[in-house]
Amino acid sequence: MLKRIASKPFALFKITLALFAFVFQPVAANACTSFVLSTVDNIRMYGRTMEFGKQIPTKIGLIPRGYKFQSKINDEIGFSWTGKIAVIGASIFDSPAMVDGMNEYGLSGGALYFPGFAGYKNPSRSEEERAKEINQVDFLVWMLSTFKTVEEIKINLDKVSLVGTYYSNMDEIPPLHYTLHDAAGFSIVIEPVDGEIKVYDNPYTVLTNSPDFEWHTQNIRNYLFLSPFNIGTTTIMGQELEPFGQGSGLLGIPGDPTPPSRFIRALGLISTIDASELNKNRLVTMEHVLNNFDIPKGFVRPAISPTEQEQEANDYTQWSAIADIENKIYYIKTYENTTLHGVSFDDFDVTSGQLQFVNLPSPKPTQPLLPPMQ
């Protein structure tokens with residue numbers, strides 16, 4: 001099913017415990033990066049990395065039209081719906097819940113960690129109100145399985161009530177915000193803040209993690225001096241000086257893995273890509289850009305003692321995904337296997353009503369460039 005291609009972002013006690021853990025323990029993950037590349041004729045490629053400290057079991061979920069979803073609000077049944085649109089994406093914990101994906105109309109997006117800023121509405125005690133409530137882990141797949149465009153999403157957000165719930169698989173109330181992109185070229189960011197849903201048009205297409213999206217857009221003003229063009233010779237005190245080498249116009253672009261720095265670096269890359277190269281092979285170009293945000297194990301570690309670090313997993317890039325919005329192909333590669341593998345809506349029966357899972361690519365040994373000498 002996955003195609004290999006050449007390699008070239010009322011259980012009150014439980015809620016209380018999860019909130020306590022979220023506030024007083026180090027953040028386990030904070031490094032997802034997502035963006036869209038567009039060709040001169042507006043063919044779009046969406047990509048994101050997925051970083052986490054703890055291993056998140058992930059498979060490719062193939063969700064057909066007509067699949068029946070049911071969102072759990074802690075131990076109670078919340079909003080239920082029947083999907084109208086087939087979806088391919090990254091399903092976690094052998095469930096239909098997705099943290100990234102694309103539907104058959106090209107609507108693509110992801111859920112990214114939003115620690116310290118996500119503020120959900122509390123679940124209701126009323127059964128009538130609970131029937132409209134959807135948890136934060138199911139929110140993305142509801143949008144992908146229901147709508148064709150970001151405009152449809154904006155118009156219909158009042159059809160559900162997004163609430164924060166304890167997610168036992170992660171032993172926390174996951175703090176998330178969402179990035180969505182459609183085939184027409186429109187992008188939005190959705191963030192739960194202080195119990196309300198904030199929706200932002202996103203002309204930059206980039207999203208990372210905290211702080212909130214509005215802060216990131218204002219932070220761009222600090223980097224207006226950056227340019228892909230090298231700085232020329234300058235005369236200072238009668239002396240002619242020239243830069244040491246290539247890239248002098250980008251001196252000062254942040255290179256660290258914090259969310260604000262990754263936001264600026266992603267924006268710098270996608271806004272300066274050679275359009276002619278992108279048109280030649282947009283998948284190859286997209287992968288090159290996405291590779292800039294890989295985090296190897298050990299580079300980012302929790303702020304705890306060395307003894308505790310031996311028992312705590314370090315943040316790293318578990319997988320990266322690319323959605324070809326034009327051709328409706330979803331690609332993924334993993335930390336252990338960096339070759340992109342793709343799956344399309346032609347690879348499964350989108351009318352079957354049955355959810356399917358496909359394992360991610362297994363680790364791949366290095367291949368010799370030349371055959372052994374006889």
Side-chain angles (χ1 to χ4, degrees), residues 1-9 29-37 44-62 88-92 98-102 108-113 179 206-209 255-257 261-262 265-266 268-270 273 277-278 280-301 313-325 327-344 347 357-371:
M1 189 72 71
L2 285 174
K3 296 176 180 176
R4 179 181 180 276
I5 69 167
S7 184
K8 293 258 185 193
N30 197 15
C32 300
T33 304
S34 68
F35 53 86
V36 168
L37 280 182
R44 311 187 91 204
M45 302 285 285
Y46 158 73
R48 67 86 56 92
T49 64
M50 207 293 277
E51 285 78 18
F52 216 84
K54 295 179 288 187
Q55 181 67 38
I56 302 298
T58 305
K59 295 180 181 179
I60 294 297
L62 310 176
I88 298 171
S91 295
I92 57 174
M98 287 185 170
V99 293
D100 196 74
M102 172 179 65
S108 305
L112 284 72
Y113 223 59
T179 181
V206 177
L207 189 65
T208 57
N209 311 105
D256 62 82
S261 294
R262 284 183 286 104
R265 194 160 72 255
L269 283 161
I270 67 173
I273 290 295
E277 286 299 315
L278 183 57
K280 288 178 186 176
N281 195 330
R282 56 184 183 271
L283 182 61
V284 171
T285 304
M286 186 69 177
E287 187 178 12
H288 278 299
V289 176
L290 204 58
N291 287 344
N292 280 271
F293 303 95
D294 273 1
I295 296 179
K297 294 179 180 179
F299 186 52
V300 176
R301 307 187 185 195
N314 299 321
D315 213 38
Y316 72 101
T317 304
Q318 298 190 12
W319 49 262
S320 299
I322 296 173
D324 184 332
I325 295 175
N327 295 314
K328 314 297 188 299
I329 304 174
Y330 190 79
Y331 300 94
I332 198 163
K333 62 180 181 178
T334 67
Y335 189 88
E336 294 81 11
N337 188 332
T338 56
T339 298
L340 284 171
H341 291 68
V343 60
S344 77
D347 294 330
F357 294 113
V358 180
N359 290 328
L360 295 188
S362 56
K364 179 185 175 184
T366 302
Q367 299 295 317
L369 186 62
L370 296 174

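Computed from a predicted model, the values in this text were never measured in an experiment. All heavy atoms count here, side chains included; hydrogens, waters and symmetry mates do not.
Note that CE of M45 and CG of L37 are 8.0 Å apart. Values are rounded to the nearest 0.5 Å. Annotation: the span from Y113 atom OH to M50 atom CE amounts to 11.0 Å, rounded to 0.5 Å. How far CD1 of I329 is from OH of Y331: 3.5 Å, rounded to the nearest 0.5 Å. Of the inter-residue distances, the one linking L290 atom CG with N292 atom CG reads 8.5 Å to the nearest 0.5 angstrom. R282 CZ to I322 CD1: the interatomic distance, rounded to the nearest 0.5 Å, is 11.5 Å. With rounding to the nearest 0.5 Å, the separation of CG in N291 from OG1 in T49 is 10.5 Å.
Within 6.0 Å of the CZ atom in F357, the count of heavy atoms belonging to other residues, nucleotides or ligands exceeds 12.
The pair D256-R262 does not meet the salt-bridge criterion, since no charged nitrogen lies less than 4.0 angstrom from a carboxylate oxygen.
When only modelled atom types and interatomic distance are considered, D347 and Y330 share no side-chain donor-acceptor pair under 3.5 Å. T285 and E287 share no donor-acceptor pair across their side chains, judged by distance under 3.5 Å alone. For the residue pair D294/Y335, the side-chain donor-acceptor check at 3.5 Å is not satisfied.
For the pair I332 and L340, the minimum side-chain heavy-atom distance is 4.5 Å or more. Looking at heavy atoms from C-beta onward, L360 lies in side-chain contact with T58 at the 4.5 angstrom threshold. At least one side-chain heavy atom of S320 sits less than 4.5 Å from a side-chain heavy atom of T317.
In terms of heavy-atom proximity, M98 sits nearest to I88 at CE-C, 3.9 Å. Minimum heavy-atom separation, V300 to P257: CG2-CG, 3.8 Å. Taking every heavy atom of both residues into account, F35 and A266 meet most closely at CD2-CB, 4.3 Å. Residues K333 and T338 share a closest heavy-atom pair of CD-O, 3.4 Å. Shown here for H341 and P361, the closest heavy-atom pair between the two residues is ND1-CG, 3.4 Å. Across R265 and F293, no two heavy atoms sit closer than the pair NH2-CD2, 3.7 Å.
Side-chain atoms of D100 never come within 3.5 Å of backbone atoms of A90 as a donor-acceptor pair (strictly under, hydrogens ignored). At distances below 3.5 Å, at least one donor-acceptor pair connects side-chain atoms of Q318 with backbone N or O atoms of F52. Not one N or O on the side chain of T179 forms a donor-acceptor pair closer than 3.5 Å with the backbone of G110. N314 places no side-chain N or O within 3.5 Å of a backbone atom of R301 that could act as its donor or acceptor partner.
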**Message:** What verdict does the side-chain contact (heavy atoms from CB on, under 4.5 Å) test give for E51 and C32, after you've listed the backbone C-alpha separation in whole Å, the side-chain angles of each residue and the deciding distance to 0.1 Å?
**Reply:** CA-CA 5 Å; E51 285 78 18; C32 300; 4.2 Å; yes
